[in-house]
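Have a look at the structure below, then the notes.
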Amino acid sequence: MTNMYMSTDIPISQECRCRRFWFFYHDIRAFTTSWLPQPVFVIWRVFLALYSLVWLIVHPVIRGFGARWLIYYTDLAYVWLVLMYILLAIVTVLYTIQMYVGKRTLLSKPLDDSELPPEVYSRDNIDFFVKFVWFMYVNALSTAPVVVVGFYGTVVETFEDIDVASVHVHGINLLFILLDLCLSRMPIQILHFPWAGTFDVVYIIFTGIYFAAGGTDIDGNPYIYTALDYGNSPAGAFGFALLLSLPPFIVHIIMWSIVLLRNFIYKKFLCSYRDIYIDTNHENHGNIELL
C-alpha cells in the first residue's frame, strides 16, 4: 500500500486558471496550520482574536464617540478585522481538535509538488464557512494598509490626536495581520484581486446612503469625512470615493507577492516533518483524502 501526501499551496502554474477567481481550495490545512507547532499556532490565532476584541471594546470607550464611531471607515475596517480573527480562530481550533482526535500520521519528509497531478488542485475541499472566512481575510488584508496610511495621512493632524487605542486600531492591526500571513499558510490568489476591494466599495455606497438619509458625523456635519461631502462638493466626493476604491486592489497584488516569497522560504528552509500528513487508506493520487 502506498502512502499519499500533498502540499497545501498551489503551484504558480495553476494560479491564473479561471477557477481561481472563486473561493475554491483543495486543502483545509492551508487555513488552519503553520510551520509552527500546531498548539503554538492555535494559541497565536486565539490570542489574535481575544486581544483584538479587547481593543474593539476599549477603543470607542476611550474616544467617546458613542454609536457613531461605526460610521468611520477605519473603525468599521477594524470591526471587520476582529470578526475575521474570531471566525479564523474558531476554524483553527475545530480543525486542530479534529486533527488530534482523528487518525492521521505524520510523514518525515517534505513533498515535491511535481508528484501531484494537476487535477488535484482543481478540487474544492472547504465548506462555505471557511470560504467566507477566507473572503473576510482577503478584504481585511487589503484594507489594513489603507487604514494605516489614511488615518495617519489625513485624519491625524498632531501627535496629540494619537492615543494607545488609535495605535492598536490604526497600526497594530496591520502588524498583526502581516504576522499571521507570514506565520500561517493562508493562501492569497492573484485572481482574487476584484474581491479585495469589496469592503471599500460597500463602504462608499454606505456613505452615499448615509448622506441621503441626512446622517451627520460626531460634530453634526452632514458628511462623514470632509472629502466625502456630497452636498457641497459632489464631484470631489465622487472622485475621492473612486480613489478610495483603488488601493485595495494594488495592496492585494503586493500581498500575493509576499505570499509567494513566504512559500519559497517555507519550502526552502522551514519544511519539516510537521508539515505533511499522510493518509494510509488510499493507493493512488486519484483517491487522495484531503485533510
How about [X] and [Y]: do any of their side-chain heavy atoms sit closer than 4.5 Å?
X: F176; Y: L81; result: no
X: Y72; Y: D217; result: yes
X: L53; Y: L56; result: yes
X: I205; Y: V201; result: yes
X: R45; Y: D180; result: yes
X: H192; Y: M255; result: no
X: W22; Y: W195; result: yes
X: N139; Y: H252; result: no

- Item | Side-chain (D27) to main-chain (R29) donor-acceptor, under 3.5 angstrom | yes

- Message: Looking at S52 and A49, would you say the former's side chain and the latter's main chain have a donor-acceptor pair under 3.5 Å?
- Response: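 Checking the backbone N and O of A49 against the side chain of S52, no donor-acceptor pair under 3.5 Å is found.
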
- Item | Listed partners of Y203 passing side chain to side chain donor-acceptor pair (under 3.5 Å), at least two apart |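 Testing Y203 for side chain to side chain donor-acceptor pair (under 3.5 Å), a comparison that skips the adjacent residues, returns none.
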
- Mind checking what makes side chain to side chain donor-acceptor pair (under 3.5 Å) contact with N232, not counting sequence neighbours?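 Side chain to side chain donor-acceptor pair (under 3.5 Å) check on N232 returns D229.
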
What's the separation between atom [atom1] in [X] and atom [atom2] in [Y], rounded to the nearest 0.5 Å?
X: T32; Y: M186; atom1: OG1; atom2: CE; result: 9.5 Å
X: Y223; Y: S233; atom1: OH; atom2: OG; result: 11.5 Å
X: I224; Y: I218; atom1: CD1; atom2: CD1; result: 12.0 Å
X: I177; Y: L48; atom1: CD1; atom2: CG; result: 9.0 Å
X: L141; Y: L178; atom1: CG; atom2: CG; result: 6.5 Å
X: L183; Y: Y266; atom1: CG; atom2: OH; result: 12.5 Å

Answer yes if the ring centres of [X] and [Y] are under 6.0 angstrom apart, and no otherwise.
X: Y25; Y: F31; value: yes
X: F23; Y: F132; value: no
X: H168; Y: Y51; value: yes

Quick one: closest heavy-atom pair of [X] and [Y], and the distance?
X: C182; Y: W35; answer: O-NE1, 3.5 Å
X: A237; Y: L228; answer: O-CD2, 3.6 Å
X: V79; Y: L70; answer: CG2-CD2, 3.8 Å
X: I188; Y: W256; answer: O-CD1, 2.9 Å
X: P247; Y: V146; answer: CB-CG2, 3.7 Å
X: I126; Y: W134; answer: CD1-CE3, 4.0 Å

- Worked verdict on V164 versus W55 for side-chain contact (heavy atoms from CB on, under 4.5 Å): CA-CA 10 Å; V164 64; W55 283 106; 3.9 Å; yes

- Task: List the steps, then state whether side-chain contact (heavy atoms from CB on, under 4.5 Å) holds for V148 with N173.
- Result: CA-CA 9 Å; V148 173; N173 62 321; 3.8 Å; yes

Between [X] and [Y], is there shared hydrophobic-cluster membership here, with clusters defined by ILVMFWY side-chain heavy atoms closer than 4.5 Å?
X: I43; Y: I97; result: no
X: V202; Y: L244; result: no
X: F206; Y: L242; result: no
X: L76; Y: I57; result: yes
X: F193; Y: L181; result: no

- Apply the test side-chain contact (heavy atoms from CB on, under 4.5 Å) to residues I190 and I253: give CA-CA distance (whole Å), side-chain angles for both, the deciding distance (0.1 Å), then the verdict. CA-CA 6 Å; I190 187 64; I253 296 174; 4.0 Å; yes

- Query: If you measure only the distance, is there a donor-acceptor pair under 3.5 Å linking the side chains of D200 and Y73?
  - Reply: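 Yes, side-chain donor-acceptor contact under 3.5 Å.
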
- More than 12 foreign heavy atoms under 6.0 Å from OH of Y230: is that the case here? yes

- Chi angles and distances behind the side-chain contact (heavy atoms from CB on, under 4.5 Å) call for L174, V147: CA-CA 9 Å; L174 176 58; V147 165; over 6 Å; no

